[in-house]
Amino acid sequence: MKTVLYQNQTIILDQLDRDEYQKIYLAGKNGELVCPVCRESVRLILGIQESPHFSHTHSTIPDCPEPVVQERNEETNQSHKEVDGFRLPKGRTILETPKSVQVFKTAKVLEAQTPFQKNAVNSIEYQSPYLQQLAKSDVVLDEAQAAAVSETDGALLVLAGAGSGKTRVLTARTAFMLEVKKIDPRNIMLVTFTSKAASEMKSRLLSYPQMKREAINKLVTGTFHSIFYRILMFHSRDKWTSDRLLKKDWQRDRILKDAGKEIELSEKEFAYDIALQQIGFWKNSLLFPNDIRPTSEWEEKALFLYKKYEEYKEREQLFDFDDMLIGCYQLLSSTPELLEQYQNRFQYFLIDEFQDINKVQYELIKLLAGKHKNVCAVGDDDQAIYSFRGSDPSYLLEFEKDFPYAKVITLEENYRSSHEIVTAANQMIAANKIRRLKKMKAQYSTGVAPTLFFPNDEEEEATMIVTDVQEKITQGAKPSDFAILYRTNAGARAVFERLASSNLPFRIEQDVEAFYDRRIVKSLLSFLRLSLNEDDQSALSDILPFLFLKQSVLRDLKAMSILQDCSYLEALSYYKTAHAFQEKKLKKAVPTIRTLKQMAPLTAIEMIEKDIGFLDFLKKRGNESNMLEKGSDDIKDLKVAAKNFSTIEALLAHAEHMSAMNKEIKNLSKHFTEAITLSTIHRAKGLEYQTVYVLGAVDGSLPHDFALESYRNGDYSALEEERRLFYVAMTRAKEQLYISVPSNRRGKKANRSRFLAPLIKRRQRPTSL
């Protein structure tokens with residue numbers, strides 16, 4: 001069905017502006033749409049697989065035949081009229097489509113470029129009897145894996161592509177070293193990037209033939225931090241006791257904020273969390289305060305905080321996680337006899353996720369392996385996505401420089417994803433210039449090609465995905481089969497809201513801040529709250545920085561409201577500053593804020609941006625350091641959300657409800673055995689799902705704006721890392737991959753991600769893409 005009645009008005013779907021689809025969808029959920037033939041409730045089906053259409057709400061009622069809509073004469077030539085906030089078409093026949101209406105683009109599949117051809121892994125004849133025993137225990141290795149397991153002497157770089165079984169290689173290699181080579185387990189260091197990975201490897205080793213728990217327990221396994229912290233504790237227990245460790249972010253945050261007071265950095269204006277991240281980057285790159293030459297005003301402030309932070313820790317004899325590695329590096333570098341002792345102790349190194357290693361980690365491994373050079377580094381440069389933390393894939397790319405006789409083995413069999421997904425991922429990542437050449441091959445084919453779909457905007461994108469998930473679950477899929485991945489946390493707002501209003505279980509990352517609790521969003525909403533309640537002290541406090549006033553002013557405004565017998569808001573007009581222009585601006589702001597309550601939310605937000613000077617504040621004092629999630633982007637996201645509400649009260653109620661839901665979902669998801677995963681692509685690395693949806697495959701989102709800006713300035717590295725991020729997202733999918741290409745993003749026309757170009761070009765027939 002393409003025709004429906006809403007408040008006695010006929011709506012023809014093919015003649016409706018795409019901007020109105022989401023409103024019609026919500027009207028259907030609220031039971032406000034009826035069939036023009038039988039007058040039963042209908043809803044809008046807005047999914048990925050089928051074109052949008054209306055269907056009866058109760059599945060027992062068959063869809064009625066399409067009604068004939070008669071053309072009506074109108075007194076006006078306008079093609080639309082406003083009805084309850086909707087732009088509805090005027091008197092058109094069902095077959096007529098206005099030129100202004102954006103046509104719904106059906107989803108496109110990305111057919112595999114090459115036919116599937118399975119490699120016979122099981123037919124390999126192993127030279128080692130122990131590898132034969134492993135194979136009988138279902139630990140089957142392909143030819144490249146077997147080579148990586150048995151090449152135990154000297155330096156070895158294992159290029160382990162996505163889904164290639166690197167964990168199996170690491171554990172089988174360890175077992176081979178213990179059982180066949182008879183290497184003392186105390187001479188082996190197995191470094192992983194998470195404690196969970198280390199425990200999983202130990203657990204897997206226990207299931208291997210002839211492996212004894214006593215030997216496995218003697219292995220030195222763990223993360224870089226845990227291993228090198230143990231070394232520090234052994235040699236200087238008093239200095240490195242756990243009670244001196246700054247375990248929590250809030251502890252380090254507090255030190256920085258106290259230091260920031262010295263240069264009058266406002267807690268509500270300066271991005272202390274990003275400053276902490278920058279300090280960590282410097283430390284992991286072995287850059288100390290005296291080594292840094294700031295290139296911007298923000299870096300100058302961050303460097304000041306870095307100096308004060310280090311001075312405070314030294315004075316109070318405290319340390320953080322980064323100091324564990326730096327401290328051990330300094331200890332070994334400055335004590336040759338101690339270094340030699342550890343070089344004799346650790347003769348074999350196995351390092352997981354080598355593409356994510358940073359400078360201090362690499363220098364530690366170089367020191368310890370300097371004598372025997374038995375380093376097995378396992379990683380994939382195509383999955384190097386953590387440069388913002390100091391990780392540097394050049395250590396993998398240039399491994400032979402420091403280990404000139406190293407062997408290189410490439411694992412090219414992908415055991416996770418289908419042939420159709422692997423082929424598409426190969427085609428996409430091949431466009432990167434700086435990489436080790438490899439071409440992954442899949443072990444199976446599903447015949448289901450990756451799919452591009454084309455929502456109108458973020459709201460429609462979320463609806464289409466949730467509709468598709470619901471359909472698949474009714475067909476027998478489990479919630480845990482699905483992951484919805486996005487570039488930044490802000491990109492999850494719409495899909496979070498759609499899932500929160502459904503009955504589907506889902507989980508989000510525990511440390512993710514609710515969209516409506518983000519600093520910029522919360523401040524914008526505080527202007528709206530203050531317009532409804534002029535004595536809202538919390539709202540007034542939130543907006544002071546955006547009026548270029550310090551928090552200490554709040555006390556004066558309270559006193560002013562008593563003396564003048566007026567509201568907190570009106571007290572702003574009486575406040576005296578050192579600048580006449582600022583007083584004039586405050587007096588103008590009061591009536592402007594008062595008028596907001598009479599406006600539609602979107603109009604009110606635009607007035608706050610321009611007339612009250614919110615954008616001016618962001619330009620002058622905004623979070624310029626945070627390239628990934630800028631404050632101005634938060635405003636755009638809020639404006640997209642605000643379009644769905646006709647009153648400020650409704651928007652504020654929704655924001656409060658969604659913030660509460662964020663906390664509730666975090667608590668509930670701990671107990672879910674089955675749940676859909678919402679995650680950034682970074683957090684999803686190393687995980688796998690039957691079906692993956694990738695949000696926002698448009699320039700500005702993936703690749704992100706900051707990478708495009710770097711590219712325009714002649715730096716290609718950020719864009720290549722963004723392509724690797726896309727590759728990681730694609731290769732999380734085992735059987736089905738859906739990539740969203742919205743026509744509009746943050747209220748503006750969007751261009752398809754340039755990373756999709758190789759996938760589009762290979763199609764035989766021209767398309768409308």
Residue pairs fulfilling salt bridge (Lys or Arg N to Asp or Glu O under 4.0 Å) with at least one residue in residues 649-668, sequence neighbours excluded: none
Contacts of Asn751 that satisfy side-chain hydrogen bond (donor to acceptor under 3.5 Å, both in side chains) - sequence neighbours left out: none
Could you give the side-chain donor-acceptor pairs of residues 555-569 under 3.5 Å, partners two or more places apart or in another chain?
{"unit_1": "Ser561", "atom_1": "OG", "unit_2": "Lys558", "atom_2": "O", "d": "2.6"}
{"unit_1": "Ser567", "atom_1": "OG", "unit_2": "Glu534", "atom_2": "OE1", "d": "2.7"}
{"unit_1": "Ser567", "atom_1": "OG", "unit_2": "Glu570", "atom_2": "N", "d": "3.1"}

Side-chain touch Leu596/Met607, heavy atoms, less than 4.5 angstrom: yes
Set of residues satisfying ring pair (Phe, Tyr, Trp, His ring centres under 6.0 Å) with respect to Phe453, sequence neighbours excluded: none
Nearest non-hydrogen partners of Gln22 and Thr463, listed with the distance: OE1-OG1, 2.8 Å
Test item: Arg507 side-chain N/O and Phe672 main-chain N/O as donor-acceptor pair under 3.5 Å: yes
Side chain proximity check, Val698 to Pro742, heavy atoms < 4.5 angstrom: yes
Residue pairs passing the salt bridge (Lys or Arg N to Asp or Glu O under 4.0 Å) test where at least one lies in residues 490-502, sequence neighbours excluded: Glu459-Arg493, Glu459-Arg498, Arg493-Glu497
Sub-4.5 Å side-chain heavy-atom contact between Trp250 and Lys257: no
Interatomic distance, Ile473 atom CD1 to Asp481 atom CG [nearest 0.5 angstrom]: 8.0 Å
Side-chain donor-acceptor contact under 3.5 Å, Ser541 with Gln551: yes
Non-hydrogen atoms of Asp542 and Ser523 that approach each other most closely: O-OG, 3.6 Å
Leu652 side chain near Leu532 side chain, heavy-atom distance below 4.5 Å: yes
Met599 to Ala604 - nearest heavy-atom pair and separation: SD-CA, 3.9 Å
For Glu471, all residues meeting side-chain hydrogen bond (donor to acceptor under 3.5 Å, both in side chains), sequence neighbours excluded: none
Ring pair (Phe, Tyr, Trp, His ring centres under 6.0 Å) partners of Tyr574, counting only residues at least two apart: none
Qualifying residues under ring pair (Phe, Tyr, Trp, His ring centres under 6.0 Å), relative to Phe496, sequence neighbours excluded: Phe506
Side chains of Ile508 and Asn489 in contact at under 4.5 Å (non-hydrogen atoms): no
Nearest heavy-atom neighbours spanning Lys643 and Asp457: NZ-OD2, 4.1 Å
For Asp249, all residues meeting side-chain hydrogen bond (donor to acceptor under 3.5 Å, both in side chains), sequence neighbours excluded: Arg252
Sequence-distant partners of Ala653, side-chain contact (heavy atoms from CB on, under 4.5 Å), two or more places apart: none
From CA spacing to verdict: side chain to side chain donor-acceptor pair (under 3.5 Å), Glu40, Thr57: CA-CA 8 Å; Glu40 292 289 343; Thr57 302; over 6 Å; no
Pairs satisfying side chain to side chain donor-acceptor pair (under 3.5 Å), at least one member in residues 595-605, at least two apart: none
Face-on cation placement of Arg518 at Phe515 ring, 6.0 Å and 45° thresholds: no
Side-chain heavy atoms of Val741 within contact of Lys105, under 4.5 Å: no
Contact check, side chains of Val590 and Ile593, non-hydrogen atoms, under 4.5 Å: no
Side-chain heavy atoms of Thr10 within contact of Leu5, under 4.5 Å: yes
Aromatic plane relationship, Tyr693 with Tyr738 - under 30° parallel, 30 to 60° tilted, over 60° perpendicular: parallel
Set of ring pair (Phe, Tyr, Trp, His ring centres under 6.0 Å) partners for His654, sequence neighbours left out: Tyr516, Phe645
